[in-house]
Protein chains: 2
Amino acid sequence: MDPVDATGATQRQRLVDLLWQPPSPPRRGPRPTLTLAVIAQAGIAVADADGLGAVTMQRVAESLDVTKMALYRYVPGKTELVALMIEAGIGEPPTLPADAPWRDQLDAWARQMYDRFRRHPWAVAATVGVRVLGPHELGWMERAIAALDGTRLHGGEKLDVAVLLVGHVRNLAQQVAGIPTETPEQAMAPGLSELLRGREQRFPALLEAVASAAVQDGRDQALDFGLARILDGVQLLVTERARP
Amino acid sequence: MDPVDATGATQRQRLVDLLWQPPSPPRRGPRPTLTLAVIAQAGIAVADADGLGAVTMQRVAESLDVTKMALYRYVPGKTELVALMIEAGIGEPPTLPADAPWRDQLDAWARQMYDRFRRHPWAVAATVGVRVLGPHELGWMERAIAALDGTRLHGGEKLDVAVLLVGHVRNLAQQVAGIPTETPEQAMAPGLSELLRGREQRFPALLEAVASAAVQDGRDQALDFGLARILDGVQLLVTERARP
DNA sequence: CCAAAACTGTGTCCTTCGGATACAGATTAC
DNA sequence: GTAATCTGTATCCGAAGGACACAGTTTTGG
């Protein structure tokens, strides 16, 4: 199943080690010219500028004035490089007032995560699919779950709330990616209204919604809306659980 | 900005045409051995079997007993092939009872979309980022918006509800992809509990949640949970709007 | 009926990418 | 000092997307 290398470690285990136990500097041989952090930052710079597709070993190496193969001394492969970029890009989990109501905590949490994703739009595409989580990413999850500590939700429910919020934030960040100036609703997809033109009778409800939404103002209104709905729904459950 | 080909059409416009106006059969020359639908199905078969990464021109062409370059007679490039795969994979929007309450309609809508994504897990990864929407995909949106026709929500709000639901469904489908047997909570990420082992003091809330969630049963419980919360939240808004 | 036009599928070539391997130089431990 | 260890490099490879020219096939117009 999982490919095994010469040392007997699986690819997965090597990635886990890379993310969770940054390798100690070597005791012999020439001093390394690079570090994992520097490499990750270089990759992030490329991705921020020209998208995830532009992140190639060649390009990252060039920006660091080394050869492509030099990177492989630090990183097993491109998958691992992207994983490091995600960890660095998402960054440390936010510090939230632990004594604030859970709803305020989660609201702030979601907005800060949205901020990170907006700063690094490629991170949305990079974090699809099952993968190994790093300390930062797990720290974010921990912080969200911890916000629900006071409630009487089950463990599974707490996890589900976090998953729900992450999904919303990721989804919105993705929609806005690449269209920094317009509002999300207006530019949900390139030329939505353009597509609808000439097909009015086929998508009447959509047409009317888009037309009346175009008048709407609102930076990040879709984020606010979804967040309010989700937290309203969660609040309903929490209060229901609160009374015996 | 947008590359222009010899005929003066932009790449984007060519894709729009491909999705919305299936090209008519040629009037002269040899009969084509393939059709767009057949090619898309071949691509879907490959993706279903071995993932989106296994979808190469070569591989798809082989499965159709043609050369790689033959495909380019039908499809401008791989991007367009994937777009066709998405359209065919998502399929026609569901038929829902138009007289049912909006909540039941949206619930069924979301579950059917979840079903499609579960059948084609690669579709989640393929539909990240801004892209041109096809008739099917737009039809799904239309159907969701139409479900809210009776309510007094604004156009923008209706769109936001749809986006919210799509986000949840996509997110869940992605989590479950590749782990068909276990429950989503248990296998949110490969070896979440394995990662937590030895780091109990660093992620206490997460640890407790995972531990108590492991006992939970529940196929698709995360889907149900999120759906219920979201629709609860929407319902709150709808009823609020209903009374003057 | 026949030639020109239009179209299909193929073979060949190019570039880019991720990655394996072998090697030369630098640094440290014994 | 010498052996072990580690770094960065140069070279090579297979697979990928795609450009292009060509040969064969079918229809249209005279």
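Keep in mind the model is a prediction, meaning the values are calculated, not measured. Each chain gets a letter, A, B and so on, in the order its sequence line appears, and its residues count up from 1.
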## Note on the structure
Closest to the side chain of Thr67(B), out of dT27(C), dT10(C), dG8(D), is dT10(C)
### Summary
Residues in residues 32-44 of chain B with a heavy atom under 4.0 Å of DNA chain C, by number, are Pro32(B), Thr33(B)
### Nucleic acid footprint by protein, nucleotides 17-24 of chain C - heavy-atom cut-off 4.0 Å, B for base, S for sugar-phosphate alone
SBBBBBB-
### Query
Can you find a pair of side-chain heavy atoms, one from Ile145(B) and one from Phe203(A), that are under 4.5 Å apart?
no
### Task
Write down the atom of Gly167(B), the atom of Asn171(A), and the distance for their closest heavy-atom approach.
CA-ND2, 3.3 Å
### Message
Rounded to whole Å, please give me the gap between CG in Leu64(A) and P in dT9(D).
### Response
11 Å
### Message
Could you measure the distance from the CZ atom of Arg116(A) to the CD atom of Glu92(A)? Nearest 0.5 Å is fine.
### Response
8.5 Å
### Query
More 5' along DNA chain C: Ala70(B) or Arg28(B), using each one's nearest nucleotide?
Arg28(B)
### Query
Is it true that Arg111(A) and Asp115(A) have a side-chain N and a carboxylate O under 4.0 angstrom from each other?
no
### Task
Indicate yes or no: at least one non-hydrogen side-chain atom of Leu138(B) is less than 4.5 angstrom from one of Leu196(A).
yes
### Query
Taking CG from Leu81(B) and P from dA16(D), how many angstroms apart are they, rounded to a whole number?
14 Å
### Task
Counting heavy atoms from C-beta on, name the nucleotide in dT9(D), dT5(D), dT25(D) closest to the side chain of Pro30(B).
dT25(D)
### Query
Is any NZ, NE, NH1 or NH2 atom of the basic residue among Arg199(B) and Glu142(A) found under 4.0 Å from an Asp or Glu carboxylate oxygen of the other?
no
### Task
Measure from CG on Asp65(B) to C1' on dG9(C) and round the result to the nearest Å.
13 Å
### Message
Quick check: closest heavy atoms across Ala162(A) and Trp109(A), and the distance to 0.1 Å?
### Response
O-CH2, 4.4 Å
### Task
Report yes if some heavy atom in the side chain of Arg170(A) is under 4.5 Å from a heavy atom in the side chain of Gln174(B); otherwise report no.
yes
### Task
Tell me whether the OP1 or OP2 atom of dT8(C) has a side-chain N or O from Arg31(B) closer than 4.0 Å.
no
